[in-house]
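Below: one structure, written as structure tokens.
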Amino acid sequence: MVKSVLKLPMVLLASVCIVSCASTSQKVTTTADEHEQEDSLESFNRSMFEFNYQFDKYVLKPLAEGYRAITNQFIRDRVRGVFSNLREPLSAGNYILQAEPTASAKSLSRFVINSTLGLAGMFDVAEGWGLPKDRTGFNETFAKWCVPQGPFIVLPFLGPSTPRSAVGLAFEFVFDPVFWTTYHDANIHDKIAYSYAAAQAITLRESGLELLDDLERNSVDFYATMRSAYLQNQSKLRCFRDSEKEENTYDFDFGIEEEDAAFDEMETE
Amino acid sequence: MNKKFLSAVSAVLMLVSGMANAAEPNGEAALKFVRDVTTEGIEQIINANVSQAEKDKRFAKLFNEALDLDFIGQFVLGRNWRTATPEQRKEFISVYRQLNISTWSKRFDEFKGKNFVFHGTSPSNSKGQIFVNSTVPMDQGEPAKVVWRVREKGGKMKIVDIIIENVSLAITARNEYTAFIKNNPGGVDALIANLKTKI
């Protein structure tokens, strides 16, 4: 069951990629007009975005609000700590793949310290010892290896993504300790894997309740806002070959000199 | 941090910038400018023991003084600025200004008990502009990266963009408004009408 569920997004991604991966470029944009992102799958994406929006409105958001109603901040922080701690080995492994042994050792130390003294991650003891949290994943690793991100794509339930990020997510799912420690027993495996995913989704959604409400309320095109913010955030991931000489992606050409004069005229009218 | 102090600061800034020949804003001056703005915001608004109405008033004033909303508004309309009529331009800037003040006045409250930590400046490819780098410690996990884009014009510094975790607010708004206008037969007028409902 789980295996087939896993295969589905891969197949989907592969077919999407065949259509549009060939035409994507990864160059860093410098002018503001180039920043109007390519979105070759826009009509599909908008439909999927709407589907996710409805799912969120009637299922995920009410669950997140319910979770908030029956817990307090202290409990939620402990829960988030446990989930975050379970992810440390993944960060440690990916830092190795990114040739960052020091960061990897830090993640691993955090995992050992917080799993024991921090009571399974409920308390971040390691941070107080000068080992602050610093997470990474397969998407960051692939980016470092210069794998192009591909076109923007909205995934069912998972939201804004790119093929690279989606493959990263699938890897993370498989390498998650909860996934492989229960793998030998098919009976309990599915139950645990799904509950775990659901619990993670609810806690994540709870932490974003205000932010997403705020963004939606102030936005005239919520899809365009999410796409823009997601892609800009992704563009901070650099390939190892050009990490030194590349300029900041947000340093777009902000000179509107010739129109400045026209505007000043208008102002003084 | 009172009015006198601020005007003294801007006087000094003008002098400094005059000497630097205005090719690129002075890094230290730009950093000081942003630090003063955030300090005033946190001390005089968020942590101040005054009514909400007074807070809103102070925020609007600080926002208008520190940010160049004419410049940002023109940028976020993108290519549609060129085709917009003078009336549309004026009305858009006005509505964009009001929307930003009301949105950020609410968002700003979340900085309660927090402080910006500054990490120097980075040069920009745009003339007369510079980036001021800062971080904000978060309750959980790593601090958030906040970069301020500062533009100097006529000896005065203004913030023209705020970049949070690599997401530029100016670009996000520009992409959003461009998409809206593209999909809307009403064009700029429809955008203005829609934004008005959000104030």
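Sequence lines set the chain letters: A, B, ... in the order given, protein chains first and strands last, and positions in each chain run from 1. Note that the structure is predicted; figures quoted are calculated from it, not measured. No hydrogens, no waters, no symmetry mates; every other heavy atom, side chains included, goes into these values.
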What option among B:D161, B:V167, B:N184 has the most heavy-atom pairs under 4.5 Å with chain A?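 Top option by heavy-atom pairs under 4.5 Å: B:V167.
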I need the residue from B:V160, B:L191, B:L169, B:T172 with the largest number of non-hydrogen atom pairs under 4.5 Å to chain A.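 Result: the option with the highest number of such pairs is B:T172.
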Whether the side chain of [X] engages the backbone of [Y] through a donor-acceptor N/O pair (distance < 3.5 Å, no angle test) should be reported.
{"X": "B:N166", "Y": "A:Q232", "value": "yes"}
{"X": "A:N233", "Y": "B:E165", "value": "yes"}
{"X": "B:N194", "Y": "A:V220", "value": "no"}
{"X": "B:K198", "Y": "A:R217", "value": "yes"}

Residue part contacting chain A, namely of B:V147, when any heavy atom lies under 4.5 Å: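 Just the side chain, heavy atoms under 4.5 Å.
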Part of B:N183 lying under 4.5 Å from any heavy atom of chain A: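 The side chain, not the backbone.
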Most chain B-contacting option - heavy-atom pairs closer than 4.5 Å, from A:L211, A:N218, A:D134: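 Option with the top pair count is A:N218.
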Suppose a student defines contact as a heavy atom less than 4.5 Å from any heavy atom of chain A. Which residues in residues 99-107 of chain B would they list?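 Residues B:L99, B:T103, B:R107 are the ones that qualify, each having a heavy atom under 4.5 Å from chain A.
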Would you mind reporting whether A:D251 and B:Q129 have side-chain heavy atoms less than 4.5 Å apart?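 A side-chain contact under 4.5 Å is absent here.
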Measure the shortest side-chain to side-chain distance between A:Y223 and B:E176 over non-hydrogen atoms and say whether it is less than 4.5 angstrom.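 Not touching, per the 4.5 Å side-chain cut-off.
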If you count every heavy atom of other residues, nucleotides or ligands that lies below 6.0 Å from [X] atom [atom1], does the total exceed 12?
{"X": "A:K106", "atom1": "NZ", "answer": "no"}
{"X": "A:K236", "atom1": "NZ", "answer": "yes"}
{"X": "A:R135", "atom1": "CZ", "answer": "no"}
{"X": "A:E50", "atom1": "CD", "answer": "yes"}

Over 60° means perpendicular and under 30° means parallel, so classify the ring planes of A:F252 and B:F75, tilted if in between.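 Judged by the thresholds at 30° and 60°, the geometry between B:F75 and A:F252 is parallel.
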Once rounded to the nearest 0.5 Å, what's the spacing between atom CG of A:D221 and atom CD1 of B:I181?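 So the CG of A:D221 and the CD1 of B:I181 are separated by 11.0 Å.
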A:S219 OG to B:Y177 OH distance, which is reported to the nearest 0.5 Å: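 Reported to 0.5 Å precision, the distance equals 8.0 Å.
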